[in-house]
Amino acid sequence: MRRRNLAERLAAGAARVASAPASRGYVAPEDPFVGDGLPELDATLLSTDVLAAGIQHRGAVVVRSMLRHRHVDRLRDHLGHEPRPIVVGPRRGHAGPAVDRTAVTTAMNDLFAAYGDAGLPELVTEYLGDRPVAVKSRTLLKRNPRPRPSSPGLGWHQDGAFFGGRCHALNVWTALTPCGLDRSSLGIVPTRVPRVLGHKPGTYNLNADGRRQLKGLLTRHPMEVPVLEPGDALLFDELTLHRTSPPGTNTAPFRDVAITWLFAPDRVPGHTTPIDL
Ligand SMILES: O=C(O)CCC(=O)C(=O)O
C-alpha cells in the first residue's frame with residue numbers, strides 16, 4: 001500500500017477531527033508497580049493498562065527499545081551529521097536551517113512508519129478512546145546542542161498550560177542518541193500531579209505559586225532523570241511535570257530526539273493543525 005504523504009495526512013487528520021465522536025480516555029487501574037519512582041519496561045510488555053497506570057499514578061513510563069535501530073538510524077539521517085541545532089517537522093518557523101517540504105514529508109513518513117512498527121496507533125487508540133491524531137506544531141525530530149548555563153533547555157513545566165488544560169493527550173518522547181549521562185534527558189517528577197500548576201503566561205516557566213508547589217512535590221518525589229539508549233521512549237501526558245535535565249553531565253556535543261504529542265481528535269488544542277497518524 002502506498003504511504004500517504006504529509007499533505008494527505010494533514011487532510012485526513014482534519015477530517016477525523018471534524019467527524020470525531022466524544023472520546024473517553026482510558027482510566028488507570030490501581031497502581032500495580034512496586035516501590036517508588038518511574039516504571040520501566042521493555043516495549044514488548046507495554047499494554048494499555050501499564051501505560052495508563054504509569055502515567056496516571058507515576059507521571060510517566062520508560063519504554064525500552066520502543067523504536068527499532070533501523071528506524072532510529074533512518075530518523076537520525078534526517079538531522080544530518082553536523083553538531084548544529086536543527087528541527088525537522090511540519091511547523092514552519094522552527095529554529096535551525098531551513099528544511100525543504102519534500103524532506104519534511106519524507107522525515108514524517110519515516111517517523112510515522114517507525115511508530116506504526118512499534119504498534120503505537122493501536123495502543124494509543126485504546127488509551128485515548130479514539131484513533132489519535134498528531135499535530136503540526138508538536139511533531140518533530142530535533143538535534144539540541146549541549147546546553148550551556150546561559151541556555152539550559154526548557155525549565156519545569158506541564159504542557160497542559162499550553163494546551164488549555166486537561167486534554168488526556170500523550171507525549172511520545174524518544175531518544176535517538178543516548179540521553180541522560182553525557183547528554184540531556186528529561187527530568188521528571190515521578191508522581192501524578194492532578195492539575196496544571198501556575199505558569200507565567202505564554203512561557204514554559206512556572207510562576208511563583210507553581211514553583212512553590214513544585215518544591216513541595218520534589219521533596220516528596222525527587223526528580224528522576226532516566227538514562228536512555230537510542231530507541232528508548234518516555235511516555236507521559238500534559239499533567240506530567242518535566243524539564244530538560246540540568247546541564248552538568250553534558251559532555252557530548254549534542255543529542256537527538258523525536259517528539260510527538262498525540263490527541264484524541266475531539267481534544268486537539270485549537271491553535272494547532274491535526275495530522276492523521
Ligand atoms: O526535549 C526537551 O528537553 C524538552 C521537551 C519537552 O519539554 C516536551 O516535549 O514537552
Side-chain angles (χ1 to χ4, degrees), residues 38 55 59-63 66-67 72 75-76 79 85-91 94-96 111 115 120 124 132 134-190 193 196-197 199-200 202-206 210 214 223-228 230-250 252-263 268-269 271-272:
L38 293 179
I55 292 177
V61 185
V62 181
V63 182
M66 198 187 74
L67 297 193
V72 169
L75 294 175
R76 289 197 66 210
L79 295 171
I86 178 168
V87 179
V88 177
R91 196 190 85 178
H94 279 311
L111 181 63
Y115 291 154
L120 273 183
V124 182
V135 295
K136 209 167 165 178
S137 60
R138 304 300 293 273
T139 303
L140 50 93
L141 301 171
K142 71 169 176 171
R143 170 165 297 158
N144 295 120
R146 175 176 53 228
R148 292 188 303 272
S150 57
S151 56
L154 291 180
W156 286 111
H157 66 279
Q158 293 161 292
D159 286 80
F162 316 101
F163 297 154
R166 195 74 187 91
C167 49
H168 198 57
L170 179 74
N171 190 4
V172 182
W173 193 100
T174 311
L176 302 178
T177 52
C179 290
L181 289 177
D182 59 353
R183 306 169 206 236
S184 291
S185 174
L186 290 186
I188 294 189
V189 177
V193 181
V196 177
L197 308 184
H199 286 65
K200 292 182 190 161
T203 73
Y204 276 101
N205 295 315
L206 296 171
L214 169 71
M223 172 175 77
E224 287 196 24
V225 178
V227 175
L228 304 172
D232 292 349
L234 285 166
L235 303 183
F236 59 94
D237 77 2
E238 73 280 3
L239 292 178
T240 305
L241 255 171
H242 63 287
R243 59 168 292 172
T244 304
S245 69
T249 55
N250 282 284
F254 62 84
R255 67 148 188 207
D256 295 344
V257 296
I259 305 177
T260 305
W261 278 92
L262 298 171
F263 300 84
V268 173
H271 64 277
T272 191

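Since this is a predicted model, take the numbers as computed values, not measurements. Position 1 is the first residue of the sequence, and the numbers go up from there. All ligand and atom numbering here is 1-based and tracks the order in the structure.
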- Query: So, for H199 and Q158, which heavy atoms are closest and what is the spacing to 0.1 Å?
  - Reply: NE2-N, 3.0 Å
- Give the minimum heavy-atom separation between L241 and W156, together with the two atoms involved. O-CZ3, 3.5 Å
- K142: partners by side chain to side chain donor-acceptor pair (under 3.5 Å), with sequence neighbours left out: N144
- Considering residues at least two apart in sequence or located in another chain, which fulfil the side chain to side chain donor-acceptor pair (under 3.5 Å) criterion with N171? none
- Item | Closest non-hydrogen atom pair, S185 against P226 | OG-O, 2.8 Å
- Contacts of H157 meeting side chain to side chain donor-acceptor pair (under 3.5 Å) (sequence neighbours excluded), chain-then-number -> D159, H242
- Query: If you count only heavy atoms, which residues are under 4.0 Å from ligand 1?
  - Reply: R138, K142, L154, H157, D159, N171, W173, L186, H242, T244, R255, I259
